[in-house]
Each structure stands twice: as structure tokens, then as C-alpha cells.
Amino acid sequence: MAEEKLPTRAEDFSEWYNQLVLKAQLADYAPVRGCMVVRPYGWALWENITAALDRRFKATGHQNVAFPMLIPRSFIDKEKHHVEGFSPELAVVTIGGGEELAEPLVIRPTSETIIGHMWSKWIQSYRDLPVLMNQWNSVVRWELRTKLFLRTLEFYWQEGHTAHATREEAEFETRQMLDIYTDFAVSDAAIPVIPGKKSDAEKFAGADTTFSIEAMMGDGKALQAGTSHFLGQNFAQAFEVRYLDQNGQLQHCWTTSWGLSTRFIGAIIMVHGDDQGLIMPPKLAPIQVVIVPIYKTDEEKSSVLDAARKLNAELVKAGIRVKLDEREGQSAGWKFNDWEMRGVPVRVELGPKDVAKQAAVLARRDKPGREGKVSAPLADLPVTTEKLLAEVQQALHDKALNFRKSNTHDTKNIEELKRAVENGFALASWCGSADCEAKIKEETRATMRCIPLEQEGQAGECIACGKPAPERAVFARAY
RNA sequence: CGGGGCGUAGCGCAGCCUGGUAGCGCGCCUGCCUUGGGCGCAGGAGGCCCCCGGUUCAAAUCCGGGCGCCCCGACCA
């Protein structure tokens with residue numbers, strides 16, 4: 001690392017983000033434009049995210065599967081809106097084994113089509129339903145403007161796909177998975193999100209209805225952190241996914257799909273991070289506690305390291321993800337800064353003075369300097385640490401929620417909305433027309449993020465046209 | 001896809017205008033010293049100066065062409 005300090009978020013949020021991702025060794029640029037290499041620390045975070053989600057998917061009856069990456073080009077063409085939405089960003093394979101292919105293959109941008117194709121073979125009867133599947137994979141979308149984690153040509157995600165006998169059941173599934181994303185974001189990532197419905201302009205290509213969870217980043221911009229789509233019978237019709245019901249009638253299935261990607265790592269960085277670097281939510285942190293030993297003489301070194309290793313073992317036994325930093329040649333101060341930059345939520349400082357009184361200094365990442373430090377007896381440390389991790393988890397969530405609240409404004413006209421989205425969210429009544437939505441975007445550079453499921457306050461007149469509006473929507477500049 | 005910036009040691013950069021021995025900081029290696037908030041000293045290793053062509057006795061430097069990456073704007077998980 002050439003530069004030790006990051007730019008501050010106020011100076012240049014975008015540059016702060018870029019440098020942090022590289023310096024914290026979450027990811028690096030790949031040799032191909034717009035592609036990233038996820039490094040061990042970043043992947044460990046992703047693994048914790050996948051574990052937290054996968055647990056929830058399994059608990060609601062979903063099974064994991066693996067579909068191939070290559071899809072016949074013609075499949076994409078079968079659903080009208082789908083092809084319109086995805087054609088511009090497809091990567092297409094035209095040569096295989098040195099021969100021009102009879103039919104080009106696309107690298108999946110998402111798997112609705114190939115899954116629909118297979119379902120048409122597998123689903124015959126209402127007894128075969130529902131089908132509840134999920135796959136962890138990567139997909140490719142040829143984006144023009146890329147940014148590590150937030151938008152790369154290839155990204156990692158999970159895509160859930162389900163087929164149901166009735167509209168109601170499919171709609172329930174769509175909402176259930178949105179709830180799961182919300183619960184994950186709030187409980188595990190400490191990121192408050194607004195679950196809501198997308199406008200027609202913003203919805204998934206091929207969906208009847210798209211829901212999303214929207215989060216506010218540290219610069220006040222919005223990030224769509226997860227989506228759940230009610231696909232109606234669009235793909236079932238395009239791929240003839242049909243079943244015979246109890247009355248002997250042939251019916252099209254109702255399907256859903258839902259996804260959450262490595263983009264979520266970008267959300268964690270931009271929601272919790274501060275000018276010192278990352279702050280990992282304890283529940284997802286690859287390293288929850290780092291022990292930094294401090295010593296001068298050989299004698300001190302051996303007694304401190306003895307105590308540190310013993311402590312390390314006890315914390316491991318308590319189920320805490322702990323790392324003992326035994327690196328030589330870096331000073332304790334250097335290590336403090338290093339682990340702060342990498343966002344470890346709790347640091348244990350252990351030096352001769354501490355060992356003498358059988359204690360250790362605990363420092364919490366979310367409170368800088370002395371303010372966040374306390375001394376605690378070594379014997380209690382597994383318990384004390386666990387408690388502190390829970391406190392940090394809660395504090396991060398509350399801080400993010402307060403930040404969002406204080407940067408969200410009720411707006412009554414376009415001027416107010418324009419000002420509100422300079423550094424936050426705007427709540428505004430919206431009549432629901434695409435024209436008004438387009439007008440707002442044109443004049444303010446903000447997009448309609450979602451119509452929150454939980455409506456706060458009374459809807460009045462549409463902010464753009466003045467006609468009565470049924471609902472209030474969130475507008476913001478978005479990543 | 002438009003606008004801007006940048007390609008020189010692992011990283012960050014200077015040198016280029018005005019052609020002539022390739023440099024600085026950090027990192028890395030060795031040794032000593034240090035470790036409670038980004039220690040210090042000494043020695044050392046490390047280069048297709050993005051690529052191709054041109055001008056010239058001589059090109060990192062001037063000229064032409066290409067490629068790549070980043071940033072900013074319109075589309076997107």
C-alpha cells in the first residue's frame with residue numbers, strides 16, 4: 001500500500017469506495033474490463049452472506065440446483081419483454097471448438113428461460129407443484145459502466161425460481177422472499193431497508209411485478225439490494241410450462257424469481273464504512289475479533305503471546321471468529337490502523353500491563369479512539385466479547401437507520417424533491433403514471449426507487465401532475 | 001456510447017515541454033533497533049518506460065496509429 005490514508009467520504013465518496021475495496025483486499029480489477037477478482041477477505045464475507053441466506057431458503061422449503069451457464073440464443077427471444085430488456089447486454093458465444101456454431105449461445109444473464117424450458121418437461125400435474133428451486137452461480141451482463149461489486153460484467157448471486165399452481169400462491173412466494181431479504185438485511189447486515197414495489201419502468205424485463213429492498217448509502221444515494229419478481233404466467237406461456245389440475249384442465253403455471261448479488265457487499269461497505277475504512281457487521285464479519293499482542297522484551301513477548309494464544313483458543317471455543325495477529329515487524333499501532341481499515345468490529349489489545357492484571361483492552365470499531373475502549377478481565381472475555389459484538393451489531397443498525405431518517409424528506413413539489421435527492425431520499429405522492437415518473441427523472445436525475453409496502457402518512461396530489469395520487473413513493477439518485 | 005484523465009520497479013508518482021547515464025516515496029529482502037495509535041538507522045534486490053510504426057547518429061521524451069484501464073454523464077442486480 002503506497003498511500004496509508006483514504007480520501008475522506010466527504011472529499012470524494014466514489015474514490016473512498018474504490019480505494020477501500022482495493023486496500024481492504026476485498027477485490028481487485030481483473031485483466032478484462034469490468035470484471036473483478038474477489039479476494040479471500042471479500043469472498044469470506046460473501047460466504048457468510050450466502051450461509052445466512054441459504055439457511056433461510058432451506059427453512060422455507062427451497063432446494064439448490066445447478067443449471068448450465070450457456071443458453072441457446074433462441075430461448076432469450078421467447079419472452080417479449082425479456083428479450084427487449086436483455087438483448088443489449090448479452091455476451092454471446094459464436095464459436096466452439098474452432099467451429100462456427102449453428103446457433104449462438106448466450107452466457108446466462110439470468111436463468112428464467114432455461115429453467116422454464118426444463119420445467120416444461122418436468123411439470124405435468126398439480127401434484128408436481130410447487131417447484132421451489134434456487135441456484136448459487138454467476139451471471140454475465142455486458143454493462144457499459146462498471147464499479148467493483150456494484151456493477152461488474154460478471155457477478156455472483158443466487159437466483160431463486162419457483163412455479164406454482166395459482167396466482168395467489170406465487171404472489172405469496174414473491175412477498176415471502178422479499179421478507180426474507182428484508183430480515184437478512186436488517187438482522188444480519190444491520191442495514192435498514194425499505195421493501196417496496198417497483199414502477200413499470202423499473203421492473204424486471206418479463207415480470208408482472210417487481211419488488212425490491214432499497215437501502216440508503218453513506219452519500220444518500222439509493223442501492224437496490226435485493227429483488228423479488230412475480231412473473232405471472234409470462235415465462236410459463238413462453239415455455240409452455242403447464243400442468244393438469246384436479247379437474248383435468250390444462251393450466252399454465254405461475255412463476256417467481258428472486259435474487260441477491262455480490263452488490264450487497266457494496267451496500268455493506270457504503271452503509272457502515274467510515275473515514276477510517278470498513279466496518280463489518282459482526283454477524284457477517286469474516287473476522288469478528290482480532291487480538292493484537294503488545295510487547296517489548298523477549299520476556300514480555302513470551303508471556304503476552306502465551307496469554308494471547310490461550311485467549312484465542314477460548315474465543316474460538318465460544319464460537320467467535322477470531323484472529324490472533326502474530327505478525328512480526330509491524331508495530332501495534334500499525335496493526336490497529338490496519339484492522340480498523342479492514343473493518344474488524346472488535347479488537348482486543350493485550351500487553352504486559354494487561355497480562356499483569358489478568359485483563360485485556362477491548363476496542364469497538366464503531367467508536368473511534370479511547371471512547372470505544374474498555375478494560376475487561378481475561379476470564380470473562382468470551383462472554384464480554386459476545387455481548388460487545390451484539391452491541392456493535394445493534395449500534396450499526398441504529399446509526400444507519402438514524403442516518404436514513406435524517407436524510408429522508410417529505411416533498412410537496414418538484415423543487416423540494418430536487419433538493420431532497422441531493423443527499424438523500426424524497427418521499428412524494430405519485431399518481432402512478434409513467435409520464436410523471438419520466439418527468440421527475442428528467443428534472444431531478446432521481447428515479448422512483450419503490451412504493452414502500454408500509455405507507456407512512458397520507459398520499460395527496462401527485463408531485464408532478466397534481467392529480468390525486470393513491471400512494472407515496474421513494475425517489476432518489478441510485479447506484 | 002459521448003466527454004475527461006492516465007499507462008515509467010509490486011503500488012503511488014516525477015522525468016517528456018527543451019531527445020543523450022531511468023529517478024523519488026512506499027512496499028519487499030538482510031541486519032540492528034523498536035512495538036500501548038500508521039517507529040528509526042544502515043545495506044540490498046527489483047525496469048520490454050503499454051504495443052506497433054516513423055523521424056533522428058541517438059527516443060520514456062518528438063510524430064502517426066493501435067490497445068488498455070480509471071473517472072464523469074445516458075441504460076442496468
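Chain identifiers are assigned alphabetically (A, B, ...) following the order of the sequence lines, protein sequences preceding nucleic acid strands; residue numbering begins at 1 within each chain.
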Check whether any side-chain N or O of [X] sits under 4.0 Å from OP1 or OP2 of [N], and answer yes or no.
| X | N | result |
| --- | --- | --- |
| A:R145 | B:G73 | yes |
| A:R445 | B:G73 | yes |
| A:K296 | B:U35 | yes |
| A:N18 | B:C71 | yes |
| A:K301 | B:U34 | no |

| request: Please state whether the base of B:G36 and the side chain of A:D354 form at least one donor-acceptor pair under 3.5 Å? | output: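 A donor-acceptor contact between them is present.
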
| message | Quiz question: going by heavy-atom distance under 3.5 Å, is there a donor-acceptor pair between the base of B:G37 and the side chain of A:K373? | response |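 Indeed there is one.
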
In whole angstrom, give the distance that lies between atom [atom1] of [X] and atom [atom2] of [N].
| X | N | atom1 | atom2 | result |
| --- | --- | --- | --- | --- |
| A:F86 | B:C75 | CZ | C1' | 12 Å |
| A:R370 | B:G36 | CZ | C1' | 8 Å |
| A:E349 | B:G38 | CD | P | 12 Å |
| A:Q25 | B:G27 | CD | C1' | 13 Å |
| A:R327 | B:C28 | CZ | P | 10 Å |
| A:R151 | B:C76 | CZ | C1' | 6 Å |

| query | Within 45° of the six-membered ring axis of A:W157 and under 6.0 Å from that ring's centre, is NZ or CZ of A:R141 located there? | reply |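 Relative to the ring axis of A:W157, which defines the angle, A:R141 lies inside both limits.
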
| request: With salt bridge (charged side-chain N to carboxylate O under 4.0 Å, His left out) as the test, would you mind laying out the steps for A:R365 and A:D274 before giving the verdict? | output: CA-CA 10 Å; A:R365 174 62 180 84; A:D274 66 13; 2.8 Å; yes

| When we call it a touch if two heavy atoms are under 4.0 Å apart, what does A:Q330 touch: a base, just sugar-phosphate, or nothing? |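 Base, at least one base heavy atom under 4.0 Å.
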
| query | Among B:C71, B:G37, B:C39, which is the nearest nucleotide to the side chain of A:S331? | reply |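 So the side chain of A:S331 is nearest to B:C39.
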
| Roughly how far, to the nearest 0.5 Å, is the NZ atom of A:K23 from the CG atom of A:D338? |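 Taking CG in A:D338 and NZ in A:K23, the distance rounds to 9.0 Å.
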
